[in-house]
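When a residue number appears, it is its place in the shown sequence, counting from 1.
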Amino acid sequence: MAKLEAPGMDTIQEIFFLPPMAVARLGPGETPLESYEWQQDLDAHGNNKTVIRSNVTLRENEDGSVSAYLPDPRKIRFRDEGTGALRPVAPFFELWARMFDAETGEAYETPVTLNLLEGQGLSLKNIRYTVAVGNQKAARRTGDAACGFRTRVEIAAEDFTPKPLVAFSPHTSEQQPLVYEHNPIPLGSVRVVRPVHGTDEPVPGETVDRSLLRLRFTPPKGEVYGPPDAAFGPATLAVPGYKNDPPKSEYGRIHEIVPAQNRILNPDTPWSKWIMMSGLSDDPEPHDSYDGARVGNDQSWGVVDDTCDGTIEATLAVRGQRLVARARIFTGPPDFAPDCRPFYSLEDDLADRDMSLISVTAENYVDAKTEVVDIFRRAFETNSLINLDDIRAQGLKDNASLQAQTNIAPTPGLPSTDAASMTEKDAVPPDKIDELIRPQPISVFSNSVPNEQLPYTVATKFVHEQLIDEENLLDFLRRRPDFVRRLMRPPFGVLAQFEEDPNPDQTPDPAFRDPRIVRDMMHDARMPPYMRDSNYFPLSLSRRQYHLVMSFIDYLEAHPPAPETEPVGEPRDV
């Protein structure tokens with residue numbers, strides 16, 4: 001972008017938001033969740049596990065400004081006092097500028113503050129915000145745009161009142177709107193923060209500039225909406241493979257589908273008539289993730305939720321030109337295990353896309369080791385939330401269905417995909433599985449339920465917990481490099497690695513997977529076992545993570561530790 005020059009002064013080249021994207025979390029609470037951060041617990045009994053600790057938080061004042069404070073470090077409040085309602089995560093977006101230094105000719109970045117605007121001969125009158133959010137899930141399935149709902153608001157930078165985001169379904173005269181304009185769905189709110197001169201110092205040495213231009217998005221409450229007849233329905237038990245109405249014994253309890261006050265949607269839209277795998281429309285994956293799936297003939301109950309995503313835009317009019325900054329906002333469910341990190345995050349996905357693969361060398365060994373250790377710690381934290389016995393059973397059912405369709409033969413050198421998986425009879429048995437998966441006595445700690453009902457869940461947590469200690473992990477990787485290589489499921493390859501027209505029954509490549517090859521879509525004991533990605537395929541580390549771990553193991557093999565020797569010197573009394 002061309003710089004906007006003015007003689008003798010630094011000039012604004014472009015503007016941008018920090019963060020450029022953020023995830024808000026649903027919650028009906030009146031008070032947004034206070035800020036916290038992940039830390040490694042180094043206490044004597046902390047065991048190197050991740051904990052959450054209070055972080056500097058911004059509090060909204062009545063006039064729209066914010067004040068910074070440090071919440072009580074002894075208590076992080078996830079629910080409103082009194083009502084117990086879950087607090088939403090409501091992120092702030094800060095406006096920043098990339099400046100041109102008139103003296104040095106170099107660029108630098110700085111927050112947009114009242115002083116910066118004044119120095120440029122500007123004010124809040126030169127800035128406007130636009131926020132647009134919506135939910136297109138039903139529109140994506142039906143192919144009918146009128147089954148989506150969205151909203152858009154424009155806000156002057158001098159308007160500090162909260163703006164509700166109420167969404168409805170735009171439509172033509174030939175379309176039926178899912179959400180009526182006179183009965184919209186609330187998608188949260190947005191508020192421009194009033195900038196005021198001054199700073200806060202919530203902790204010694206850390207100042208927060210209150211004059212920085214900010215905007216806050218507060219997500220919706222996390223409710224569901226439906227047509228008038230979406231009142232009560234049966235919960236269904238998972239019965240893979242059925243097409244018709246299952247026996248009554250396969251249905252669970254009768255439950256309320258949508259609260260009475262939220263039965264406001266139009267019942268005459270394609271969304272209330274949609275049926276997966278009917279041949280009348282394409283089925284986006286995962287095809288059964290809607291209310292009404294696996295009940296009766298799989299017809300949709302016409303239900304939607306208030307999750308949404310969209311864009312936040314700021315425009316700055318300066319010296320006859322218009323600069324634009326954009327950020328992305330997403331909403332998601334509350335985090336019910338905030339002290340447990342995923343081993344594969346959005347950050348890892350972006351790094352996989354934008355960063356090159358890592359080859360571990362002496363120069364980057366320390367950084368590579370830190371990242372590898374962190375991957376294994378995050379794997380334990382994810383694993384601690386999983387019922388491995390349940391997802392193993394589901395994965396084996398999926399394998400059996402795929403096996404019945406393709407009649408594929410077992411692949412030599414790869415773990416079993418049938419009931420032998422993760423047992424001593426596995427074609428590639430997990431390490432010491434016969435010792436770890438064994439009956440456990442009933443005790444007061446198991447509430448009189450035998451622990452062998454969840455043997456894999458218990459065993460995998462025990463195994464992974466040993467590897468969150470750095471020294472234990474490095475020793476394991478040095479002693480068992482081939483075992484770890486065999487244990488890790490490779491990621492999907494890039495297009496350049498794929499054959500143009502592969503045989504679906506061919507033997508998989510050991511270095512990467514191809515979603516067109518049947519065996520690469522089957523679950524087995526490789527890590528992470530039986531977990532699924534967003535396309536319902538077996539999950540793996542990202543391509544970048546996988547190659548980092550493999551390169552790190554190669555480096556450890558090529559650089560074994562020096563053997564320990566007894567020091568030379570005078571003999572000592574023992």
Side-chain angles (χ1 to χ4, degrees), residues 49 235-242 246 249-253 286 288-289 294 336-337 339-344 376-404 410 414-468 483-484 486-489 519 521-541:
K49 294 181 180 179
T236 182
L237 305 179
V239 186
Y242 78 75
S249 61
E250 302 294 354
Y251 289 138
R253 62 180 176 82
D288 60 353
S289 59
R294 299 190 181 279
F336 290 102
D339 59 340
C340 293
R341 302 171 297 160
F343 68 85
Y344 188 177
F376 275 85
R377 285 177 177 160
R378 289 158 57 189
F380 164 74
E381 291 168 27
T382 301
N383 186 278
S384 67
L385 303 175
I386 292 173
N387 183 334
L388 181 57
D389 294 79
D390 180 70
I391 62 173
R392 173 181 176 272
Q394 184 60 52
L396 294 181
K397 290 179 182 178
D398 292 345
N399 286 351
S401 177
L402 196 57
Q403 175 70 28
L414 288 182
S416 300
T417 58
D418 54 16
S421 176
M422 296 190 80
T423 72
E424 67 276 8
K425 298 179 181 179
D426 199 322
V428 183
D431 196 33
K432 299 182 179 179
I433 194 67
D434 55 334
E435 298 178 23
L436 294 173
I437 307 299
R438 64 180 188 272
Q440 301 293 322
I442 296 175
S443 73
V444 294
F445 301 106
S446 59
N447 294 322
S448 299
V449 177
N451 287 341
E452 65 263 28
Q453 289 187 359
L454 297 176
Y456 293 99
T457 303
V458 173
T460 192
K461 290 177 183 177
F462 170 78
V463 171
H464 277 272
E465 191 167 21
Q466 314 309 306
L467 303 180
I468 64 175
F483 176 72
V484 178
R486 189 174 71 245
L487 187 73
M488 305 282 287
R489 179 179 293 112
R519 182 59 181 84
M521 295 189 293
M522 301 182 79
H523 297 273
D524 56 33
R526 289 178 294 178
M527 299 293 107
Y530 303 105
M531 293 181 67
R532 293 167 173 79
D533 63 21
S534 59
N535 290 319
Y536 216 67
F537 294 151
L539 184 64
S540 69
L541 296 177

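Between the side chain of Asn399 and the backbone N or O of Met522, no donor-acceptor pair lies under 3.5 Å. With hydrogens and angles disregarded, a donor-acceptor distance shorter than 3.5 Å links the side chain of Ser384 to the backbone of Glu381. Side-chain atoms of Thr382 come within 3.5 Å of backbone atoms of Arg378 as a donor-acceptor pair (strictly under, hydrogens ignored). Judged purely by atom type and a 3.5 angstrom limit, Arg526 has no side-chain atom pairing as donor or acceptor with the backbone of Arg486. A donor-acceptor contact shorter than 3.5 Å is absent between the side chain of Ser540 and the backbone of Pro528. In this structure, Gln394 contributes its side chain and Asp390 its backbone to no donor-acceptor pair below 3.5 Å.
Ser421 and Ala525 get closest at one heavy-atom pair: OG-N, 4.0 Å. The two residues Leu539 and Arg532 come nearest to each other via the heavy atoms CB-C, 3.9 Å. In terms of heavy atoms, Pro529 sits closest to Arg489 at CA-NH2, 4.4 Å.
To the nearest 0.5 Å, the span separating CZ on Arg519 from CG on Asp524 amounts to 4.5 Å. Put simply, OH on Tyr530 and CG on Asp398 are 11.0 Å apart, with the number rounded to the nearest 0.5 Å. Between the CG atom of Leu396 and the NE2 atom of His523 there is a distance of 9.0 Å, given to the nearest 0.5 Å. Leu541 CG to Tyr344 OH: the interatomic distance, rounded to the nearest 0.5 Å, is 9.0 Å. Interatomic distance, CZ of Phe376 versus CD of Gln466, reported as 13.5 Å (0.5 Å rounding). With rounding to the nearest 0.5 angstrom, the OG1 atom of Thr460 is 12.5 Å from the CG atom of Leu454.
Scanning for ring pair (Phe, Tyr, Trp, His ring centres under 6.0 Å) contacts around Phe537 gives Phe492, with sequence neighbours left out. Evaluation of the salt bridge (Lys or Arg N to Asp or Glu O under 4.0 Å) rule for Arg392 yields no partner, not counting sequence neighbours.
Side-chain contact between Phe343 and Met527 is absent, with no heavy-atom pair separated by less than 4.5 Å. Here the side chains of Thr417 and Pro410 are not in contact, with every heavy-atom distance at 4.5 Å or above. In this structure the side chain of Ile386 never reaches within 4.5 angstrom of the side chain of Tyr456, judged on heavy atoms. Between Leu388 and Met422 the shortest side-chain heavy-atom distance falls below 4.5 Å.
Donor-acceptor pairing under 3.5 Å is recorded for the side chains of Ser416 and Asp426.
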